[in-house]
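Input: a single structure, listed below in structure tokens.
Naming: A, B, ... by sequence-line order, numbering from 1 per chain. All heavy atoms count here, side chains included; hydrogens, waters and symmetry mates do not.
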Amino acid sequence: MQAMMELAADNLLSPIILSFVLGLVAALARSDLAFPEAVAKGMSLYLLFAIGIKGGVAVAGNGMDMQLGVSLLAGMALSALIPFIGFAMLRVMTRLSVVDAAAVAAHYGSISIVTFVAASSVLDAQGIVFEGYMVAVAAAMEAPAILSALWLISRKGGGGADGGGHLWREIMLNGSIVLLVGAFAIGWIVGPEGKAEIDAFITAPFKGILCLFLLDMGLVAGRGLRQSRGEVRGGVLAFGLIMPLIGASLGLMVGLLIGLSLGGTTLLMVLSASASYIAVPAAMRVALPAANPAISLTLALGVTFPFNLTIGIPLYLAVATAILGS
Amino acid sequence: MQAMMELAADNLLSPIILSFVLGLVAALARSDLAFPEAVAKGMSLYLLFAIGIKGGVAVAGNGMDMQLGVSLLAGMALSALIPFIGFAMLRVMTRLSVVDAAAVAAHYGSISIVTFVAASSVLDAQGIVFEGYMVAVAAAMEAPAILSALWLISRKGGGGADGGGHLWREIMLNGSIVLLVGAFAIGWIVGPEGKAEIDAFITAPFKGILCLFLLDMGLVAGRGLRQSRGEVRGGVLAFGLIMPLIGASLGLMVGLLIGLSLGGTTLLMVLSASASYIAVPAAMRVALPAANPAISLTLALGVTFPFNLTIGIPLYLAVATAILGS
Amino acid sequence: MQAMMELAADNLLSPIILSFVLGLVAALARSDLAFPEAVAKGMSLYLLFAIGIKGGVAVAGNGMDMQLGVSLLAGMALSALIPFIGFAMLRVMTRLSVVDAAAVAAHYGSISIVTFVAASSVLDAQGIVFEGYMVAVAAAMEAPAILSALWLISRKGGGGADGGGHLWREIMLNGSIVLLVGAFAIGWIVGPEGKAEIDAFITAPFKGILCLFLLDMGLVAGRGLRQSRGEVRGGVLAFGLIMPLIGASLGLMVGLLIGLSLGGTTLLMVLSASASYIAVPAAMRVALPAANPAISLTLALGVTFPFNLTIGIPLYLAVATAILGS
Amino acid sequence: MQMHEAKRVEIIIEAVMEGRLTAALQKAGVTGYTVLPVMGGAGRSGEWSREGQIGRSGMVAVVCLIRPERLESLLEAAFAVVERHIGVVSVSDTKVVRAERF
Amino acid sequence: MQMHEAKRVEIIIEAVMEGRLTAALQKAGVTGYTVLPVMGGAGRSGEWSREGQIGRSGMVAVVCLIRPERLESLLEAAFAVVERHIGVVSVSDTKVVRAERF
Amino acid sequence: MQMHEAKRVEIIIEAVMEGRLTAALQKAGVTGYTVLPVMGGAGRSGEWSREGQIGRSGMVAVVCLIRPERLESLLEAAFAVVERHIGVVSVSDTKVVRAERF
Ligand SMILES: Nc1ncnc2c1ncn2[C@@H]1O[C@H](COP(=O)(O)O)[C@@H](O)[C@H]1O
Ligand SMILES: Nc1ncnc2c1ncn2[C@@H]1O[C@H](COP(=O)(O)O)[C@@H](O)[C@H]1O
Ligand SMILES: Nc1ncnc2c1ncn2[C@@H]1O[C@H](COP(=O)(O)O)[C@@H](O)[C@H]1O
Ligand code: NA
Ligand code: NA
Ligand code: NA
């Protein structure tokens, strides 16, 4: 317990979290501090590329086993399942319309890659190893939740979803999924020697760039919170805090079931607990235009993301450690 | 004297200065070499973040004393005072209108953070230590000069200043001030171990990014000089060369008075000698729309900035060394 | 032969090539993966700056001889000559109009700096040294081809070229030429000690940034190929594969003639074999507006660039090694 | 200079819908269009800004110059896409040279 | 398609004034506006370009579609902000669909 | 508010020609213009996008507000530049305040 407290405190006072807090505070105080769109996108391309390569190299190094296939399927199942739980909870806990509830639920079934990156930074700092292919699991979990949400809508008839084949290609070929999977493949092919050539770029500055990126996310989250005061409160707010705990519990069970390591289980919890704010928002705008994007985004980025960053990650790690031993 | 000459020559032939010169020459020769706005802003965000963290960490490492408070106050006093001197000189030396003179004076009371960064690079290269909180002093000196200029205008009645509470919040929460102060606080909290995690990002590439940034500043300065040929000459031009010397002298006196180290005194001279081209120009556009922005900007960026970069910094260091011993 | 095969395989599976392939595949599959324009430009500014500095420092280190002047002249002669060969081939092999053929020929006379950078990475990885001033030769080869193309047009009367003094200044002061030559001069002046100050920026992350840049080039090339399917095929396509071999042969002869090292000869082959897609496209739009830009760009970026990257570079190196010994 | 009557249609629409809109425009026989970036804005669904955003967020402005007689079919094609989405369509009278291009 | 008369107001103004202008527009009852980035330009105060700039420099273009009857109050609100600042205001006739939005 | 008749000329032209066009406009006595970035588009010469591009590729939109009586000389100056280049010119009626500026 004490160790967990220390870990939480350490985590809270890490440059990564403090950078996010700085951004959040600056935006709430209405500072004009802002990152150009191109710089934010550039940082996210860098992070996806670097994390993909690292994952692929880890797989290349440790050899490959059936576990990868099982983990991918397990991740996809989690991503497809969580929206149903989320949707049911939202219908009970909040007054959101069917469309809005389905859109929010899709975000929570999918994953937030920055939360994943922050968690793997914490694991690295603690010297806890994890399966390199968790990056591929993250990529595999991006899309199934969208399918579930669209199916929910079509069943409930809550205002026709605009699906179609086009949409599916778009989701599967979403830039962030392609970059993550592609970089993973590159890492796998080039292996440790290939990575050594570009290590000074993809490893050394990684954490620093993550800080700046989280500073920007803090700014965007703060701006979102400021503008949608009122829409996210009461039941909706509570959902943003409870849903990650439910997701993490499911992730824990599945991780134990398929026999992931301590690090891998923690990351699966983090993935299940996190909510998307890149791939799913775009897909929802296309498929469910009637859903209010501000609700999902504020909840995912303004509530669940900071919750996971500050409390969630150390909590999930502590629970996993208590069960799996360290 | 010889040592100073050598230092000046060293400085002139450093990659930093040469990058600025390259930009200046390219722009004057009408090359289409240009940095996208987003890249320039990205680099300035990086530099502010890195310099802020470093300053905070230095304070965390060396412990804190009353000196910080005294230095902040001294810096603010300098920033508030210098515009009065500048204004008086401009009214005597030039034909600028009251509004234009006040706007220019505000720029010289405030500070140029890149000049500060360049000077601290020179100190680092010479192995001269300085108080880490000088970064906070720099941030504190950004705004008071604006207040002085607005007060001058309201007294002289030279064309109503458009102040108001809004403006004050904007100035104090200007992105560059918030980032600098926030990063300083982060550095202070995380201390040397926290910085170690992100050192490969905020320390290793720092000087190289500074080179590219100065290349861009050279391009912008050169374009400004080319477009406003004619407006900045005679008395106005002379002001841009004399005012930094006066500012530096005041900075020297105050530095000695409050007992700063050799490095700290040099930096206070540099801050006092430098002229703003981020925070103040924006504030002046809002508050004194009648002032011609081209005059201030060309003077600050095209005359005083290169003067400080090439001659000023080694000169101020030499003078401070002569007085304080090395 | 076997060594060459191994080198080619090594090269094909390097992170650099795989990144390009990822981009190409993503674009052909119609993924929405994309780099913001500002990020792409920022990376190209970085690469030009870094490669320029390195070249200048190499010259500063190794001393200077007549060889530089001779190599510059030889490079300019190659650049001026190749368009005539290219033009003749295009008129025979394809149905392109005079204007289009001249525009394409100009691209092949000029050079692709990224191909040069990729080749020098391969040489570095193999421990093969090359003359630092090859960077200056690259810069010198950018423009003469344009002159040749305009002269061809004026002779053939194929639709008035829009030249004029303005155009010449623009071409010579093109941002990429100025940055490359300027950085080369800076490297020469500051020498190895100056470079040491900024090495963590210009050397360490170089290869990683090159990967991301090639990923972007793959995306742009793939988009170009996708959009201009049909225009680049048959004779035009064949030209894009044969012309680099002819260029490389000429580069080999000239390299042997003027006594370049193995590395230098290989680079001169690469320069001669590569086709421009920065300086020349812009100049052609101004001077030959009637030429279809899609043809040149797709050919240079979608055909010849990947050919050189994958097959060309190891082939040219193998041939040069066979002749010059390793 | 000889000018010809034309219509300038300006469609402000979510960036994610850009591809669908331009495909619809081309299907409707539009010979060209231009896409301008949008930094931010406000409407019934609140204020937004592109600053610091990742992903294909925000809106774009698609400008289309067409002959007056083609307006109706363009609007129908555009509306099929825009209808259920956040967006604004405006049509102004304008004049162009080289009418054969439109 | 049924179109309704409207006005397209285009205000080119210094970026530092954007927040003040949009606040004034909203106070004047405007239901929406769109902000376009501006790369550069020239006027009585000379030429400028956004390239390489840091800080909130340069100008932006604010486009506002409104019903004709609201034009006067919008212009008054906008002018209170623009008046002493560098900037240009133009008003064109246009047509919009879904007039209830404006 | 007192408004004055003016023309809004919008020229979409290749970025490499921007300098030549604005120089020609200034020679023709135009007192100001504004350059907007363009993200992409399509026309007879195909589709293009600025994403990931390096070099001065793509197009820009130059907007110019002028008094009606100056239109002809502006168009002539602009056409001398645009003529042989990819590009589109449109002219709309508009109204401006502070007519003395144009
Ligand atoms: N009256 C208007 N004038 C100009 N742009 C508008 C207007 N109304 C909406 N917009 C733009 O369309 C976006 C979505 O509008 P809405 O659907 O009303 O939220 C806004 O963010 C603006 O960019
Ligand atoms: N006639 C005009 N047409 C279009 N934009 C203009 C015009 N005049 C001024 N501008 C824009 O407004 C800015 C400031 O103009 P000025 O106040 O005349 O210096 C210029 O830099 C242009 O971006
Ligand atoms: N009808 C049009 N409406 C708006 N923009 C156009 C139109 N036609 C062409 N353009 C723009 O002008 C560029 C070149 O057109 P083009 O010369 O027809 O290939 C296109 O890429 C568009 O950006
Ligand atoms: Na999840
Ligand atoms: Na100062
Ligand atoms: Na060549």
Chain F contact via [X] - side chain, backbone, both or neither, heavy atoms under 4.5 Å:
X: Pro36(C); result: backbone
X: Val39(C); result: neither
X: Leu219(C); result: neither
X: Ala294(C); result: neither

Look at Ser49(F), Ser45(F), Gly46(F), Ser57(F) and state which one has the largest set of heavy-atom pairs under 4.5 Å with chain C.
Ser49(F)
Pick from Gly52(F), Gly55(F), Ala15(F) with the largest number of heavy-atom pairs that fall under 4.5 Å of chain C:
Gly52(F)
Taking atom [atom1] of [X] and atom [atom2] of [Y], what is their separation to the nearest 0.5 Å?
X: Gln53(F); Y: Lys41(C); atom1: CD; atom2: NZ; result: 9.0 Å
X: Phe213(C); Y: Ile54(F); atom1: CZ; atom2: CD1; result: 3.5 Å
X: Arg223(C); Y: Glu51(F); atom1: CZ; atom2: CD; result: 5.5 Å

If you look at every heavy atom in Pro289(C) and Arg84(F), which pair is closest and at what distance?
CB-O, 3.1 Å
Which heavy atom in Glu47(F) sits nearest to a heavy atom in Gln227(C), and how many Å separate them?
O-OE1, 3.2 Å
Would you please test Arg285(C) and Ile86(F) for side chain to side chain contact (heavy atoms under 4.5 Å, CB included) and show each step?
CA-CA 9 Å; Arg285(C) 289 314 305 143; Ile86(F) 294 177; 3.6 Å; yes
Within 6.0 angstrom of Met3(F) CE, more than 12 heavy atoms from elsewhere
yes
Validation row: Arg20(F), His166(C) side chains within 4.5 angstrom (heavy atoms)
yes
